[in-house]
There are 2 protein chains.
Amino acid sequence: MLASHLSQPEFSPRQNAVLDSALRLLVDGGEKALTTAGVARAANCSKESLYKWFGDRDGILSAMIGFQASKVRTFDEGSERLTNESLRAHLVVFARDLLDVLAGDVSLALNRLAIGQASRDGSKLGQMLQEHGRRQIGKRAGALLDAGRRVRLLQFDDGEEAYGTLYGLVVSDLHLRMLLGEDMSRAKQSFSLRAERAVDAFLLLCGSKKDTVKP
Amino acid sequence: MLASHLSQPEFSPRQNAVLDSALRLLVDGGEKALTTAGVARAANCSKESLYKWFGDRDGILSAMIGFQASKVRTFDEGSERLTNESLRAHLVVFARDLLDVLAGDVSLALNRLAIGQASRDGSKLGQMLQEHGRRQIGKRAGALLDAGRRVRLLQFDDGEEAYGTLYGLVVSDLHLRMLLGEDMSRAKQSFSLRAERAVDAFLLLCGSKKDTVKP
DNA sequence: GCAGAACCGTACCGTACGGTACTTAAGTGG
DNA sequence: CCACTTAAGTACCGTACGGTACGGTTCTGC
């Protein structure tokens, strides 16, 4: 069953603390370590309470995703006056934030969890992650891109497609490699450079004709 | 332990048939359905044989990845004379092949399996998939890109980075969405169009200055 | 034809997990 | 002070899985 209305998927502070413990457990030990007894032990609560609050194990997983999504808030850009440089700066900041979010251990653990459950039936977890994760951060990008197009600094037909292009240039196969467990401690330090290069390429593709960054 | 030398990771025909059954089982029911008893039943062999041949469950998983990788052979391009149009055509074919491979159910199932095991210790599975999957198809792309640069149809400094750009433009977040279980039956029919657009964008970025596709 | 290996089918064992029931301590309103 | 509610802690059950052992059958070399 769906976790109530989208406007109020919140839980009590105690339950949030339990979900926090569960997330820590998941990050540390992977899905295999995320047993109901383990969650109860880590959160100093009883299994019976877990089942009363969340229904069953899948309910706990769903609640964890919703809880984590509620923590990551996408602040809207104050729609200042966009110049060529400020647009590029905003895009670079967005790109770096995107890389940082995707490389976060909680994000990686939740994505691994949802992917592991994807092959099963309904499962909803993948859909939830997609909805709360990508849709949110995509909205922020979409607003930024639309603002850029409105002031004629960007040119594209489909906003979704433009966002897909930006996403691909920024992330490439980094996300998958991180999900597969590749060590990214070195690559993380070059996220800023990577973000700049990706944005430059994106502006070359979707920027106004005469406004390329480096002539 | 590693699965013998890289030159001879092959198994007997009977064992290959068992691995084939195991792959089918994995594709149909996900990792949860991939039990030792299930594999034995599906392949009409005994569990004892499984443990004699592959050591333990992880050995079966490793063997499945190696077996699947041995089936997907990357044929080298006959280095014909590249023209502007033939380069673009080759790139489009490569892009479409890449999308088809990533969208294949066996590929998706194995990636889900490796990602699920990534949080655990050593695990090697992610590394194996990376090595056999991406490296192989990346070599094919690298050869194509190098050939294009040699005849001055492409311009880039780092081949790996250029391949990353092409990959990002082609795949974007499609792979992750497929791994999360999103229905792609509709999107599959537009793979060709997607490949063309991605290659056009790539040529705009890395193609020779005056050779853009559509003036 | 026979000895030995390879192998299938099945039964078995220990463990671990999801889920439930029960007991006990702590808070709360009247 | 006393019902009443909430939840912690524990014990328990059924099941399912990884791994092993054993009897029976087919294949192979001599």
Side-chain angles (χ1 to χ4, degrees), chain A residues 1 3 10-26 28-65 67 109 112-114 116-117 119-125, chain B residues 1 10-26 28-65 109 112-114 116-117 119-125:
Chain A
M1 58 190 72
E10 299 289 345
F11 298 99
S12 78
R14 173 68 176 131
Q15 290 162 3
N16 283 340
V18 170
L19 293 177
D20 220 12
S21 300
L23 280 177
R24 282 195 64 86
L25 208 59
L26 176 67
D28 290 343
E31 181 187 0
K32 186 186 162 166
L34 197 69
T35 67
T36 55
V39 172
R41 195 181 330 115
N44 285 328
C45 77
S46 70
K47 286 174 63 176
E48 195 166 8
S49 301
L50 289 183
Y51 282 95
K52 167 179 276 188
W53 294 334
F54 307 109
D56 57 1
R57 188 172 184 270
D58 284 359
I60 301 179
L61 304 185
S62 301
M64 286 168 65
I65 291 183
F67 171 64
R112 291 199 184 104
L113 179 66
Q117 301 281 327
S119 50
R120 300 201 52 182
D121 45 281
S123 204
K124 299 271 188 182
L125 287 191
Chain B
M1 57 191 72
E10 297 289 344
F11 298 98
S12 77
R14 173 66 178 133
Q15 291 163 4
N16 284 340
V18 170
L19 293 176
D20 219 12
S21 301
L23 281 177
R24 283 194 62 87
L25 206 60
L26 176 67
D28 291 343
E31 181 185 1
K32 185 186 162 168
L34 197 69
T35 67
T36 54
V39 172
R41 196 181 329 115
N44 286 327
C45 76
S46 70
K47 285 173 66 177
E48 197 168 8
S49 301
L50 289 183
Y51 284 94
K52 166 178 278 187
W53 294 334
F54 306 110
D56 57 1
R57 188 173 186 268
D58 283 359
I60 301 179
L61 304 185
S62 299
M64 286 168 65
I65 292 184
R112 291 198 185 104
L113 178 66
Q117 300 282 328
S119 51
R120 300 202 53 185
D121 45 280
S123 205
K124 299 272 188 182
L125 285 190

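Note: hydrogens, waters and symmetry copies are ignored here, and every other heavy atom, side chains too, is used. Each chain gets a letter, A, B and so on, in the order its sequence line appears, and its residues count up from 1.
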Rounded to the Å, how far apart are I60(A) CD1 and dC17(C) C1'?
13 Å
At a heavy-atom distance below 4.0 Å, what parts of residues 36-44 of chain A sit against DNA chain C?
T36(A)
Length of the CD-C1' vector between Q15(B) and dC8(C), whole Å
15 Å
Atom of L23(A), atom of F67(A) and distance for their closest heavy-atom approach
CD1-CD2, 3.8 Å
Could you check which of dA6(C), dC8(C), dG18(C) has an atom nearest any side-chain atom of K52(B)?
dA6(C)
Between atom CD in E48(B) and atom P in dC22(D), what is the gap in whole Å?
10 Å
If you look at every heavy atom in S62(B) and L125(B), which pair is closest and at what distance?
OG-CD2, 3.7 Å
So which nucleotide from dA8(D), dT20(C), dC22(D) ends up closest to the side chain of R14(A)?
dA8(D)
From CD of E31(A) across to C1' of dG18(C) the rounded distance in Å is 13 Å
What integer distance in Å separates Y51(B):OH from dC22(D):P?
17 Å
Take L34(A) and R57(A) through the test side chain to side chain contact (heavy atoms under 4.5 Å, CB included) and record every step on the way to the result.
CA-CA 10 Å; L34(A) 197 69; R57(A) 188 172 184 270; 4.2 Å; yes
Would a 4.5 Å heavy-atom cut-off, applied to side chains only, mark V18(B) and F11(B) as touching?
no
Quick one: L61(B) CG to dC17(D) C1', roughly how many Å, whole number?
14 Å
Provide the full list of salt bridge (Lys or Arg N to Asp or Glu O under 4.0 Å) pairs with a residue in residues 14-26 of chain A, sequence neighbours left out, each pair given once.
D20(A)-K71(A)
When you match T35(B) and S46(A) each to their closest nucleotide on DNA chain D, which lands nearer the 5' end?
S46(A)
State which of dA7(D), dG18(C), dA11(C) makes the closest approach to the side chain of K47(B).
dA11(C)
Nearest-angstrom distance from the residue atom CZ of R57(B) to C1' of dG19(D)
12 Å
Do you know which two heavy atoms are closest between A42(A) and S21(A), and how far apart they sit?
O-OG, 3.9 Å
It should be established whether W53(B) places a side-chain nitrogen or oxygen under 4.0 Å from OP1 or OP2 of nucleotide dC7(C).
yes
When you compare the side chain of K124(B) with that of D58(B), does any pair of heavy atoms fall below 4.5 Å?
no
Grab the NZ-P distance between K32(B) and dG18(D) for me, whole Å please.
12 Å
